[in-house]
Amino acid sequence: MKVPELESIFLNRGPIPEQRDFRRVLVLGGDLAGAALRERLVSEGFEVVELGNNGTEAESTGNGGAAGQTLKRIDGFVGGFEASLSSTKGSSTGRFGFVVAAQPAQRLAKFGDYGLGPSEKVISLSQLEALLKGEGTLPEPRGDWFHAAFLCGLEGDADPAAFKRVFDAIEQLRSKVRVQPYVLTRHVKVAADGMERRYREIREAGTLFFKFDESGPIFEQGLDELSIVFTDPILGVELELAPDILVVDEHLAPPESLQPLLDLIPSSAATAPFLQPESSRFSGVRTPKAGILATGASRGHFSLEPDASDVEAVVVALKTSMTEEIPAAFPGPPIVDPAKCTICLTCVRLCPHGAMSFRKRAEADPASCVRCGICASECPMEAIRLEPPEGQGDVIGKVRGALSRAQDGTRIVALLCSRSAAHAMAATGPRLTGNVIPVVVPCAGTVDVSAVLKAFELGADGVLVAGCHTGNCASIWGTVLAGGRVSHASDMLEEAGIDPRRLMFVTLASNTPGAFVRAVQELSDTITR
Amino acid sequence: MKTDVAIIGGGIAGLWCAYELSRLGFRSVIVERNAHLGGHVAYYCCKATDKCQRCGACLLEDVLDTIQSSDKISFHLQTNILRVERANGRFSLKLLRRPSRIHPDQCNDCGKCLDTCPSPGALARTATGDRLLINEEACLFFRDRSCRVCVDVCPEGAVNLAASNEEISLDASSVILATGFKPFDAGEKPRFGYGRVPGVITGLELDQMLRADNFDVGNGEKALRSVAFIQCIGSRDPRIGRNYCSRVCCGYALRLARLLRSRSPEIEPSMFYMDIQTFDRDFERRLDIARKEVRLIRAIPAEVRSGSEGRPELIYHGPNDEKLYESFDLVVLSIGISPNPAIAGLAELLEVPLNEDAFLGVNGDEVMTGTSGVFVAGAAQGPKSIEESVSHAIKTAANVASYLNRSGQGDKS
């Protein structure tokens, strides 16, 4: 997993907002989805500024269309983002409570992938759609029938949305000309509402589908000549098509203008080119940074109707973001010791949630912080701590307390991520034997070397650190960093003459109590051996 | 206290609706006919190899935690809907709650009842393993009142065989149908050998065995080596009324195949398919990775039969239309998503139409049912993955919230 280098991130220089204003929303839009989102948010009482796509004009009809402006840079935190906008008329700044990236995917025709050049006969699916809308005319067929060949997912992949567009185009062509359609593909993607039914209808109405495995067709494109030569994957015979038109599908690429937002979220090093990590932990439209939301292609989601459900999810996210609760058992936000902080910016670089900023010293935005504790455990100056809730100790305090109450015998201190391992241990039931002393932490990312070493000092016979599987950590790389720290602590144990196998790191999920039992068993066996 | 939303079904979609609605300030009551919350997801295993494969099954634990501690969400387990009446834009539901014959708070899980029960199957653990249940069909007490052993041996007095059904009234401003799906019954496609040929199981069964930690990849002579996954069992098959793709099965088969390989690198999985449907932003990368670990064969076998050495044998057509015979240690049928049969009765009670596939998705509008105040969430609308069900539930919750705000029915507090 990629952790950003210092120079590769754009340092957030926005101040921690003293006053937060949640009414103003900046929408990076530019197509129908952006417009629908703007309209919906306005109806909910938000004040919306919508920017166009890649510098093109947003539809400036209605409320808040900011024609021709682009986002150059953005700093700050939820309730107080500061955006620098630029347009041909000059630059301006704006203050926003939220930012929603709602930009459509870029559609890049796959001409080059197939070794084809665009021509009157070789056009992209978008170009055909424009022709069918009346923007231009179809080429003249050479015979009575208009032969139209579609390439869909022969190179790269396709999705149900691409097939829906092909099916729509075929039906529209059929209403205009006597058409013989061919679709050349590898996998017909019908995993969307009604698509299997349409696939059958289109096939029964005469469209021929050729599904290739490893091999594919050979294209011969001359000045006026166009032919497709291939072996029919079913009949095994050589075929040659000389279509009147060859329609090339498109790669869906992430929107171009997300960079200023990606720059604001350090963990985008692991999620780019999209704003949302590829993780089940990020449902809906959330990104790792509070106040920044992403829909459709901006979050890496390409579906049949990409943004319809995302619009409602944005409304819920905006309305509930003020009531987002940190669990009572979690500590408070990071406190930076001014005497120790050297502004090395390790915390700014490693905070997955972009919750850290700096002025005279590093500082954390409490509204953006989820209390994963990565900043504190990674700070080389030990300048950061998270105040435990009243009546509770910090991690070392909890370990001390738990060990002092523990029974005699082999004692295993288990430092458990609250999201995965704590659930897994709770679900073990009678299967779990031995003297396991659980210490629940918000994220494995909280566990630092000194806590692990201290546990041994306080009398633990073994220490188990258990976090989420890579790719399933709510703080993106909390579990990866914890694993690295455990291996560092193992080296130190070895130097101190303690068997390093007494310290164990595992990743597991909330629904794998068996894996937890096995880990404890393995560690117990090591200790008693 | 007024209930804003009655949520029928306590699976991942229903739970997520309740969670989002609680954050928006609305009260919901979840009505679940089974004895546990979480629906099918509670039985799925984690598919992570050394990395998360993004199946989403672990999302359930997170949301369950929140639900159980929320003062805006309550639930009735083992409860069915008897009647629904509408008046003045509100819904009056009559519910029938079957009693918990083993009281969950009193039971200390000692297992004495399980050990002494004379009738096989009368006492069982729920699939999630955390509760004990009495199955009235197998229990001798319910047959002829001849046995009360469990009551006598229970040291906690947690067993109450005499407990009776209870009628409950529930008044709500809106209803969400989150009744989920039914896994396709593999027995409906006898040619794939399910229930007839040893070594043929369903993907769901494999999932459940892995979840319960009782799937053994074996070792030495008995080590599991060849595993065939057969796709589209009960999907894309209009002859049996399933003229749709179940959407999730290619993904779960590939995940299970990779999971098995991570348990034992000697396992060689094969996947028989029509078209591979799994797709997301990293599909190409995932398929490339999967291709290195899973043999992909474009063919749906004509038959699965008992072959030599008692192993299941597949008969399928090769690329040159030749008939091929191949034996496997294990055959896993990727059964699809069928509509929940219970939805028909509920749809009638609530006067909502079903679509041609017998799901609740109508008019292409995925959260409205066509009846004002009645919404749908999750796989009740059509086949969905866990993550898709969650996304859908968020959208449903948002729509329900604006309906309640518009109609002035919300009892925001």
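Letters A, B, ... are given to chains in the order of the sequence lines, protein chains preceding strands, and every chain is numbered from 1.
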Checklist entry - With the threshold set at 4.0 Å, does a side-chain nitrogen-carboxylate oxygen contact exist between Lys110(A) and Glu155(A)? => result no
Item to check | Top contributor to chain A interface from Arg298(B), Gln53(B), Glu387(B), His392(B) [non-hydrogen pairs under 4.5 Å] | outcome: Arg298(B)
Item to check | Ion pair Lys211(A)/Asp275(B), N-O distance below 4.0 Å | outcome: yes
Next on the checklist: Does any backbone or side-chain atom of Tyr273(B) lie under 4.5 Å from a heavy atom of chain A? Answer side chain, backbone, both or neither.
Outcome noted: side chain
Next on the checklist: Tell me which of these, Arg200(A), Arg281(A), Arg518(A), has more heavy-atom pairs under 4.5 Å with chain B than the rest.
Outcome noted: Arg200(A)
Checklist entry - What closest approach, in Å, do Val166(A) and Cys152(A) show between heavy atoms, and which atom pair accounts for it? => result CG2-SG, 4.1 Å
Item to check | Per-residue contact mode, Asp213(B) against chain A (heavy atom under 4.5 angstrom) | outcome: side chain
Next on the checklist: Which one wins on heavy-atom pair count under 4.5 Å against chain A: Val248(B), Thr66(B), Thr49(B), Asp65(B)?
Outcome noted: Asp65(B)
Checklist entry - Between Ser235(B) and chain A, which part of the residue has a heavy atom less than 4.5 Å away: side chain, backbone, both or neither? => result neither
Checklist outcome for this item: Looking only at Val190(A), Asn472(A), Ile234(A), the option with the highest number of non-hydrogen pairs under 4.5 Å against chain B is Val190(A)
Next on the checklist: Shorter than 4.5 Å, heavy atoms on both sides: which option in Leu235(A), Val316(A), Thr185(A) has the most such pairs with chain B?
Outcome noted: Val316(A)
Checklist outcome for this item: If you tally heavy-atom pairs under 4.5 Å between each of Ser279(A), Gly514(A), Gly236(A) and chain B, the highest tally belongs to Ser279(A)
Checklist entry - Which is it for Asp113(A) and His251(A) under the side-chain hydrogen bond (donor to acceptor under 3.5 Å, both in side chains) test, yes or no, and what are the steps along the way? => result CA-CA 10 Å; Asp113(A) 301 67; His251(A) 284 293; 3.1 Å; yes
Checklist entry - Using a distance-only test with no angle check, is there a side-chain donor-acceptor pair under 3.5 angstrom linking Gln231(B) and Ser334(B)? => result yes
Checklist entry - Who pairs with Arg107(A) by salt bridge (charged side-chain N to carboxylate O under 4.0 Å, His left out), at least two apart in sequence or on another chain? => result none
Next on the checklist: Under the rule for salt bridge (charged side-chain N to carboxylate O under 4.0 Å, His left out), what residues qualify as partners of Asp168(A), not counting sequence neighbours?
Outcome noted: Lys164(A), Arg198(A)
Checklist entry - With only heavy atoms counted, which part of Ile394(B) is less than 4.5 Å from chain A, the side chain, the backbone, both or neither? => result both
